K.L.:
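Encoded as C-alpha cells, here's the structure I'll be asking about.
All values derive from a computational prediction rather than experimental measurement. Protein chains get the first letters and strands the later ones, always in sequence-line order, with residue 1 at the start of each.
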2 protein chains.
Amino acid sequence: MANQTVSAWVGDPHGEVDHPVADCPVEVTLHALRGRWTTLVVRELFDGERSFGDLAMALPALSDKVLADRLAQLVAAGVVTRVREPGWPSRVRYSLTPRGQGLRGVLEAMWAWGQDTVRSGTTR
Amino acid sequence: MANQTVSAWVGDPHGEVDHPVADCPVEVTLHALRGRWTTLVVRELFDGERSFGDLAMALPALSDKVLADRLAQLVAAGVVTRVREPGWPSRVRYSLTPRGQGLRGVLEAMWAWGQDTVRSGTTR
DNA sequence: CAGTATCCGGAGAGATACTG
DNA sequence: CAGTATCTCTCCGGATACTG
C-alpha cells in the first residue's frame, strides 16, 4: 500500500516505513479501487454514461446500498461525475472524469498481469 | 474486480455480470495485492532477497502475525518464493518470483495514477 | 529466528424496508 | 427512479503470548 512519506517509488533508498500512509500514490490508487464490485462499476462506465438503474441492471447481484456506496466512493475519489437530472422521475447520470478515464491504464496493467498468472496456472 | 467469465477486457460486449468472479484477471491481481501492507512488502522485495527479520525491521509497525499472513498470501499467489535455510537459528529467505517481478509494471501504473491524482488535489 | 495460537474490536458486504 | 435507514454477519488487522 503506502510507502514512506517522502521518497519516490523504486527510487530507493526508501527509509523505514512505520505505517502505510495515505499520501503514497499507490495507496491512493488502491483506495480509489477499494472494495468489491468497484472495478466492475468503473468498467461499465468505460462504455459511457450510465444511470443508477443502468448500473443496477448490468450488475444484478449488486445491492442498491453497495452500488450507492461505490458510486459515492468513486465520486469522492474524483473518478466519477454525478449529475442529477431535475424533474420526475428522478434520474442521475454517472460518467467518468478525465481522471477516471486514466484508470484504463491501471486496470489494463492489472488485467495483463492477472492474465499471465492465470495462464501459468499459479492461481491461489 | 471481476467481470464475466468469458469475454475480454475493454473488448465489449461484456454481458451481464452477476458476480465478481475469481477468474477475472483484474480480480486475480487485486487478490494478490489484497490487504494492508502487501504492496509495501512487495516493494521491499523489489530490492532483493530478504529474511523475515529483515522485513520486520523495515516495516516496524507490522506485527509478526500480519507479516506472516502477507508472506503466505504472496507465496500462494506465486509472487514470492520461500526458502527455509536448514540449521539453527532458523532463517528463511524470501524473494520475488519472475511473476512477482512482473508486478513492477502494475505498481508503476498505480503509482503514476495516484501521483496525478494527488497533484490535482483530488484527494478524497 | 521465524513463526503459530488465541482473542478482540472494527470495517465492510449484504438483506430488507422505507422515502424524496 | 434513486437512493437512505437499519441490522446482521463475516472477515480481517492488530495485540499478546507461546513454540520448533
Side-chain angles (χ1 to χ4, degrees), chain A residues 1-2 17-22 27 30-42 44-45 49-77 80-95 124, chain B residues 1-2 17-22 27 30-42 44-45 49-77 80-95 124:
Chain A
M1 323 306 234
V17 180
D18 288 2
H19 202 70
V21 290
E27 188 71 6
L30 250 9
H31 192 88
L33 297 178
R34 175 166 301 164
R36 222 174 149 191
W37 299 100
T38 309
T39 58
L40 284 175
V41 172
V42 171
E44 285 304 316
L45 294 175
E49 176 183 304
R50 292 284 186 279
S51 70
F52 190 93
D54 290 339
L55 294 170
M57 214 171 306
L59 280 3
L62 179 52
S63 73
D64 284 2
K65 179 214 167 191
V66 176
L67 177 54
D69 283 355
R70 290 299 170 267
L71 288 169
Q73 164 189 340
L74 291 169
V75 169
V80 165
T81 306
R82 192 192 121 117
V83 178
R84 176 157 199 154
E85 225 61 48
W88 187 270
S90 101
R91 184 176 177 84
V92 177
R93 304 184 295 133
Y94 291 97
S95 52
R124 62 102 103 243
Chain B
M1 324 316 234
V17 180
D18 287 3
H19 202 70
V21 290
E27 188 70 6
L30 250 9
H31 193 88
L33 296 178
R34 175 164 302 165
R36 225 175 146 190
W37 298 100
T38 309
T39 59
L40 284 175
V41 172
V42 172
E44 285 304 316
L45 294 175
E49 177 183 303
R50 291 284 186 280
S51 70
F52 190 93
D54 291 338
L55 294 170
M57 214 171 305
L59 279 4
L62 180 52
S63 75
D64 284 3
K65 179 214 167 191
V66 176
L67 177 54
D69 283 353
R70 290 300 170 266
L71 287 168
Q73 164 190 339
L74 290 169
V75 169
V80 165
T81 307
R82 194 191 119 118
V83 178
R84 175 156 200 155
E85 224 62 45
W88 186 269
S90 103
R91 184 177 177 84
V92 178
R93 304 184 296 133
Y94 292 97
S95 52
R124 59 101 105 244

K.L.:
What's the CG-P distance between D69(A) and dA11(C), to the nearest Å?
P.N.:
14 Å
K.L.:
Which residue, D64(B) or R70(B), contacts DNA chain D at a nucleotide closer to its 5' end, judged by nearest heavy atom?
P.N.:
R70(B)
K.L.:
If I take atom OH from residue Y94(B) and atom CG from residue L55(B), how far apart are they, to the nearest 0.5 angstrom?
P.N.:
8.0 Å
K.L.:
S63(A) or W88(A): which one's nearest nucleotide on DNA chain C is closer to the 5' end?
P.N.:
S63(A)
K.L.:
Who are the side chain to side chain donor-acceptor pair (under 3.5 Å) partners of S95(B), not counting sequence neighbours?
P.N.:
none
K.L.:
Expressed in angstrom and rounded to an integer, what is the separation of L67(A) atom CG from dG12(C) atom P?
P.N.:
17 Å
K.L.:
Across the strands shown, which category fits R93(B) at heavy-atom distances under 4.0 angstrom: base, sugar-phosphate, nothing?
P.N.:
nothing
K.L.:
Measuring from atom CG of D69(A) to atom CG of D64(A), what distance do you get when rounded to the nearest 0.5 angstrom?
P.N.:
10.5 Å
K.L.:
Can you tell if the side chain of V92(B) reaches within under 4.5 Å of the side chain of R82(B), non-hydrogen atoms only?
P.N.:
yes
K.L.:
Nearest 0.5 Å, what's the CH2-CG distance between W37(B) and L67(B)?
P.N.:
10.0 Å
K.L.:
So where does chain B start and stop touching DNA chain D, 5' to 3', when the test is distance under 4.0 Å to a non-hydrogen atom?
P.N.:
dG13(D) to dG20(D)
K.L.:
Rounded to the nearest 0.5 Å, how far apart are CG of D54(B) and CG of L59(B)?
P.N.:
11.5 Å
K.L.:
Enter the distance from L74(A):CG to T81(A):OG1 here, rounded to the nearest 0.5 Å.
P.N.:
11.0 Å
K.L.:
Rounded to the nearest 0.5 Å, what separation is found between the CZ atom of R50(A) and the CE atom of M57(A)?
P.N.:
10.5 Å
K.L.:
How many whole angstroms separate atom CG of L71(A) from atom P of dA13(C)?
P.N.:
13 Å
K.L.:
Have a look at the helix from dC1(C)-dG20(D) to dG20(C)-dC1(D) and give the angle its two end axes make, five pairs each, rounded to 10 degrees.
P.N.:
60°
